[in-house]
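These notes are about the structure you will find just below.
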Amino acid sequence: ASNGLKIISVSDHDSTEGLREAEEAIHQFPDMELIPGVELSTDVPNAEVHLLGYFVDVEDAKFQRVLARFREGRVERGRSMVGRLNEMGLDITWERVQEIANGASIGRPHIAQALVEAGYVKYPKDAFDKYIGRNGVAYVERIRVTPVDAVGILVDNGALPVLAHPTYYDDKSQQGDDSGLRTVLQELKHAGLVGMEVYYGDYSAEEVAILAAVAEELDLVPCGGSDYHT
């Protein structure tokens, strides 16, 4: 509110549990509006694609069962990663990872924070690069869902699907060649995608300009996101 934001969304990974608290907090700021959201992780060869759902129906029982299944997969995956790290001699505990998550949907950022606390890496990014990123020595796969499947799940719920941080999935777009990204976006739009993140903390002015042009060309709503993982 102090930064002038009028509309915000909370879009946790595979969970809508934080929305009630967010709704209570936003009552202090009558000029602000909260859009209920969620973020789903999906798989493509050698990468993950994250799909945001805005205006999600949190009362949809079928949707909540899907999220619960995703969260269960995250827990099993997290336990397996901690087990692999322990086998390598890194002394972190699953109990500490749960404490760091503090009731949230457990994910790799919580394991990364545990590794930072224990002094094995200096920054969470180092934990991903060395241990728990896709090419890390302790990486474990999770429940596989395709981006098109995730768009379908969100559409069935009545939510509006938006592609998060697009250049993370297409290295060519970072070099000025957005042909691969354009192909992915066209496929997802056919499935029901309505928007894409254009404004993002890590993006340069050049990247924003490229993405804004693609969004306009494909008639996708240009969105902004903080990706605030703390």
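Of the possible polar contacts, none joining the Ser9 side chain to the Ser11 backbone as a donor-acceptor pair under 3.5 Å is found. Arg84 places a side-chain N or O within donor-acceptor distance of the main-chain N or O of Tyr139, the cut-off being under 3.5 Å. Looking at Asp57, its side chain never comes within 3.5 Å of a backbone N or O of Asn157 through a donor-acceptor pair. Under the 3.5 Å distance criterion, the side-chain polar atoms of Gln28 are matched with a main-chain donor or acceptor of Ala25.
Side-chain atoms of Arg74 and Arg79, non-hydrogen and from C-beta on, never get closer than 4.5 Å to each other. Side-chain contact between Lys6 and Asp31 is present, with heavy atoms from C-beta onward closer than 4.5 Å. The shortest side-chain heavy-atom distance between Tyr200 and Leu211 does not fall under the 4.5 Å cut-off. Contact of the Asp156 side chain with the Phe63 side chain is not registered, since no non-hydrogen atoms from C-beta on lie closer than 4.5 Å. Within the 4.5 Å cutoff, the side chain of Ile8 has heavy atoms near those of the Ile26 side chain.
Applying the side chain to side chain contact (heavy atoms under 4.5 Å, CB included) test between Leu67 and each of Gln64, Arg69, Arg65 identifies Gln64 as the sole match.
Ionic pairing of Arg77 and Glu72 is not present here: no N-O contact between side-chain nitrogen and carboxylate oxygen is shorter than 4.0 angstrom.
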Could you list the donor-acceptor pairs under 3.5 angstrom formed between side-chain atoms of residues 111-122 and any protein atom two or more places apart in sequence or on another chain?
from: Glu117; atom 1: OE1; to: Arg96; atom 2: NE; distance (Å): 2.9
from: Glu117; atom 1: OE1; to: Arg96; atom 2: NH2; distance (Å): 3.3
from: Glu117; atom 1: OE2; to: Arg96; atom 2: NH2; distance (Å): 2.6
from: Tyr120; atom 1: OH; to: Asp91; atom 2: N; distance (Å): 2.8

Run the side-chain donor-acceptor check on residues 185-198: report pairs under 3.5 Å with partners two or more places apart or on a different chain.
from: Lys189; atom 1: NZ; to: Leu218; atom 2: O; distance (Å): 2.5
from: Glu197; atom 1: OE1; to: His165; atom 2: N; distance (Å): 2.9

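The shortest heavy-atom contact between Val75 and Trp94 is O-CH2, 3.6 Å. Of all non-hydrogen atoms in Leu52 and Leu154, the two that sit nearest each other are O-CD1, 3.6 Å. The heavy-atom pair separating Pro166 from Tyr203 by the smallest distance is N-OH, 3.1 Å. A pairwise comparison of heavy atoms in Thr16 and Gly37 identifies CG2-O, 4.2 Å as the closest pair. Leu34 and Ala22 get closest at one heavy-atom pair: CD2-CB, 3.8 Å. When all heavy atoms of Asp60 and Lys62 are compared, the pair lying nearest together is OD1-N, 3.1 Å.
Residues Ile106 and Leu90 share a single hydrophobic cluster, defined by chaining ILVMFWY side chains whose heavy atoms lie under 4.5 Å apart. Val56 and Tyr54 are not part of a single hydrophobic cluster, where members link through side-chain heavy atoms under 4.5 Å apart. Placement of Leu19 and Leu51 within a single hydrophobic cluster is found when ILVMFWY residues are connected by side-chain heavy-atom separations under 4.5 Å, directly or transitively. By the rule that hydrophobic residues join a cluster once side-chain heavy atoms approach within less than 4.5 Å of another member, Val162 and Ile153 end up as members of separate clusters. Residues Phe128 and Val137 are members of one and the same hydrophobic cluster, defined by side-chain heavy-atom contacts under 4.5 angstrom among Ile, Leu, Val, Met, Phe, Trp and Tyr.
Annotation: the span from Leu40 atom CG to His50 atom NE2 amounts to 9.5 Å, rounded to 0.5 Å. Distance check: Glu206 CD to Ile210 CD1 gives 5.0 Å after rounding to the nearest 0.5 Å. With rounding to the nearest 0.5 Å, the separation of CG in Asp14 from CZ in Arg71 is 7.5 Å.
The environment of Glu141 atom CD is dense: over 12 non-hydrogen atoms of other residues, nucleotides or ligands sit within 6.0 angstrom. More than 12 heavy atoms of other residues, nucleotides or ligands sit less than 6.0 Å from atom CZ of Arg134. Open room surrounds CD on Glu216; 12 or fewer heavy atoms of other groups in view lie less than 6.0 Å from it.
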Inset, instruction - May I have the step-by-step check of side-chain contact (heavy atoms from CB on, under 4.5 Å) for Asn86 and Ile92, ending in yes or no? - result: CA-CA 7 Å; Asn86 291 161; Ile92 66 168; 4.3 Å; yes
